[in-house]
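Since we're looking at a predicted model, the values are computed, not measured.
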Amino acid sequence: MRPAKTCNSLAMVVTLSSSLISPKFSINVSTNSPVFRRYCVSTRSLILFNKIQARSVQPKVISCIFSKIENSTECSDHKKTVTKLYVPVLERGIMRLGATISLILVVIQLTSPIPISGWDPSFLPPAKAVLYSPDTKVPRTGELALRKAIPANTNMKTIQNSLEELSYLLRIPQRKPYGTMEGNVKKALKIAVDEKESILASLPSDQKEKGLAIYASLINGKGGLQKLLECIKDKDPDKVSVTLASSLDSIAQLELLQAPGLSFLLPAQYLSYPRLTGRAVVEFVVEKGDGSMFTPQSGGVPIKSAKIQVVLDGYSAPLTAGNVAKLVVDGAYDGMKLKCTDQAILSDNGIDKTIGYSVPLEIMPSGQFEPLYKTVLSIQDGELPVLPLSVYGAVAMAHNDASEEYSSPNQFFFYLYDKSYSGLGGLSFDEGQFSVFGYTTIGRDILPQIKTGDVVRSAKLLEGYKYKLQDSCLPYVLKQIQSSKKLSIDFPASICEKIEKQIAWKIEPQALDFQDGELPVLPLSVYGAVAMAHNDASEEYSSPNQFFFYLYDKSYSGLGGLSFDEGQFSVFGYTTIGRDILPQIKTGDVVRSAKLLEGQENLVLPAEKYVVLIYDGELPVLPLSVYGAVAMAHNDASEEYSSPNQFFFYLYDKSYSGLGGLSFDEGQFSVFGYTTIGRDILPQIKTGDVVRSAKLLEGQENLVLPAEKL
């Protein structure tokens with residue numbers, strides 16, 4: 001953790017230039033009582049930015065230009081004594097002239113910095129200052145941050161944002177803007193009523209009834225929007241706050257039902273990592289290392305062991321949260337000691353480094369739809385995370401010892417946010433530097449009582465275990481479920497819920513309006529851009545198979561050189577080789593072939609399409625993709641026939657398989673059985689080993705041979 005940094009300034013400050021490559025001079029003007037006015041050149045800013053004594057820079061820097069004091073005058077700021085200058089008492093006219101000159105110098109310095117002759121600041125390091133004050137409307141509680149991180153549909157997010165604004169309006173002292181509050185709630189209510197079908201259509205089929213009950217409570221319940229309007233009209237801030245919290249809670253419940261799991265694809269290199277594709281709740285039971293007791297915040301009897309619950313957010317940090325969830329299930333944190341600093345409670349870093357995955361730094365920037373990996377955020381440039389660290393009880397992974405681009409495989413910490421140790425906007429100096437994966441929701445009052453040496457007696461996953469399922473088996477399982485076949489592999493029953501959530505997820509189609517400043521990441525206004533044509537039935541959908549090469553011509557474009565069709569089509573790529581061929585193509589020319597040269601490993605197809613594409617919609621009853629499967633080799637004359645006598649044991653290896661974990665040879669051979677005893681012997685067999693005998697132990701009564709063979 002970085003030490004806290006605070007700055008004190010005089011009443012009126014003209015800041016030093018952010019770079020001291022050329023000599024520049026800054027003036028501070030501080031006004032005290034009307035009787036004694038002092039016009040001072042501040043050396044404090046110089047000391048603050050460059051950390052040296054002012055006298056070592058310029059012993060004769062003017063400290064006081066004019067003074068109305070007969071004796072010596074001392075210009076100070078927070079016990080920083082500046083050089084004294086004795087001047088005679090002048091007439092009032094000269095005094096006013098001096099004030100005018102001082103102000104002129106300030107204006108000149110602001111518009112055109114004055115170099116000071118003879119001053120060589122080459123030995124001074126460049127000044128560094130945070131000049132950007134970020135949006136202070138970042139989530140200040142774990143509950144708010146978790147609500148904002150749910151990937152719900154557009155209507156629900158619009159409703160939520162309107163109501164979240166009320167939380168900030170309620171902070172305004174004295175005369176609160178109840179008119180604005182009423183307008184926000186009416187807007188939210190109108191969307192909730194008008195878009196009811198769209199909101200409920202996003203719910204999984206098995207959650208419709210529950211979702212409908214939550215929706216009804218949101219509209220007309222005791223803590224619903226109608227009740228919230230009444231409280232606002234009564235101008236009762238306490239009732240507004242309580243009812244608002246209830247409405248936001250209902251919204252969060254609906255959004256969690258709508259959430260599809262991950263709304264983005266993970267990078268291919270991390271597909272083998274455990275991941276959390278939703279929310280999970282972890283409960284830590286903590287005890288004092290010295291045998292003392294915890295004191296509940298609400299009073300009552302001291303307790304020997306305290307419970308802390310943390311909500312893990314897989315929507316924004318799927319790899320980090322998945323790794324922690326797996327460690328909890330594996331018991332890695334049971335009996336772990338804690339270590340405390342002023343701003344954090346860290347888990348013991350003495351755990352075996354081989355336990356857990358070395359997950360890359362994973363941060364979801366606000367306004368983006370997928371996390372960044374191995375990349376910190378630049379808070380000074382306005383980049384803010386979806387899961388901010390600047391929340392009391394935020395939980396994040398420590399950095400890896402080898403590289404800060406990776407998180408520790410198992411060490412995490414509770415962040416004890418303190419605004420007095422923060423920078424502009426109340427943001428921690430470490431904001432955007434760590435992988436935050438959740439927040440403490442129960443037991444925040446216990447955190448400040450934890451001391452170094454206290455012990456986590458147990459850690460367990462209360463909710464969310466079903467989300468740890470790997471997705472590689474989904475294509476095969478989904479096809480089996482759709483065809484009502486019995487699964488040949490034992491999967492958790494909750495997989496059906498996961499599949500339904502994926503199928504139920506809908507993204508509302510929407511074109512961009514570039515005239516309002518909306519620009520696509522993949523612009524159409526590029527020669528050789530490749531995009532899908534519109535669907536014949538509706539322009540809200542792309543054609544299922546028709547695409548086009550766009551021959552961009554600036555002379556046929558609008559303002560800014562943008563195509564008039566910019567933002568209206570789904571652009572999915574660009575021509576990199578053969579752009580000179582495009583203008584030569586004429587109607588009637590033919591595409592002889594199209595093949596995928598690279599990227600097969602990144603291609604994920606929906607299960608039903610994947611199966612149809614490879615197996616024409618059919619899966620074998622006896623799959624080859626099983627270790628120890630026994631099948632006939634192909635006939636030498638034709639692959640339409642099996643060998644008359646040659647068979648093989650198939651040593652299935654998932655790392656040599658395709659989508660869904662199916663062998664690339666699935667459905668190509670006649671599988672007739674499986675090894676049930678001796679599978680451990682198969683990997684030990686080498687070329688040249690001999691089958692001494694083979695005999696039929698059971699099933700003779702089921703064997704029917706042709707007559708000539710008999």
Side-chain angles (χ1 to χ4, degrees), residues 268 271-272 470-491 593 595-601 603-605 607-710:
L271 290 179
S272 61
Q470 298 287 338
D471 292 335
S472 57
C473 58
L474 288 181
Y476 175 74
V477 176
L478 181 56
K479 185 62 182 179
Q480 294 284 304
I481 292 174
Q482 289 177 336
S483 59
S484 300
K485 294 179 180 179
K486 183 179 179 181
L487 297 180
S488 58
I489 306 175
D490 183 21
F491 290 98
S593 66
K595 59 182 179 180
L596 197 62
L597 298 181
E598 299 177 12
Q600 293 91 335
E601 69 279 3
L603 179 63
V604 179
L605 298 173
E608 59 274 18
K609 297 294 184 184
Y610 173 73
V611 174
V612 169
L613 178 66
I614 298 180
Y615 304 113
D616 199 19
E618 296 177 351
L619 279 174
V621 174
L622 300 178
L624 182 68
S625 307
V626 175
Y627 192 89
V630 192
M632 296 304 295
H634 285 152
N635 193 292
D636 294 335
S638 170
E639 291 191 356
E640 292 183 352
Y641 292 87
S642 295
S643 168
N645 48 42
Q646 187 182 24
F647 69 93
F648 62 90
F649 294 93
Y650 189 68
L651 308 181
Y652 170 73
D653 187 341
K654 189 175 180 180
S655 62
Y656 290 93
S657 302
L659 293 172
L662 296 177
S663 165
F664 292 110
D665 292 313
E666 190 64 81
Q668 308 299 309
F669 292 91
S670 298
V671 178
F672 60 88
Y674 297 93
T675 307
T676 55
I677 297 176
R679 279 193 294 262
D680 57 319
I681 302 298
L682 295 180
Q684 304 178 45
I685 295 176
K686 307 296 180 186
T687 300
D689 292 351
V690 179
V691 176
R692 285 299 175 196
S693 65
K695 59 182 178 179
L696 197 63
L697 297 181
E698 299 177 12
Q700 294 90 335
E701 68 280 4
N702 298 325
L703 180 63
V704 178
L705 296 174
E708 59 274 17
K709 295 295 182 183
L710 286 172

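Contact record, P623 with V671: O-CG1, 4.2 Å, taken as the closest heavy-atom pair. Shown here for S663 and Y650, the closest heavy-atom pair between the two residues is OG-OH, 2.8 Å. When all heavy atoms are compared, the tightest approach of Y652 to V626 is CB-C, 3.6 Å.
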For residues 630-647, dump all side-chain donor-acceptor pairs below 3.5 Å to protein atoms at least two apart in sequence or in another chain.
residue, atom, partner, partner atom, Å
H634, NE2, Q668, O, 2.8
N635, OD1, A637, N, 2.8
N635, ND2, S642, O, 3.4
S638, OG, E640, N, 3.1
S642, OG, S670, OG, 3.3
S643, OG, N645, N, 3.4
S643, OG, Q646, N, 3.0

Atom pairs and distances, side-chain donor-acceptor, residues 691-703, under 3.5 Å, sequence neighbours left out:
residue, atom, partner, partner atom, Å
Q700, NE2, L696, O, 3.2

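Every residue was checked against the ring-ring contact (aromatic ring centres under 6.0 Å, His included) condition with Y627, not counting sequence neighbours, and none meets it.
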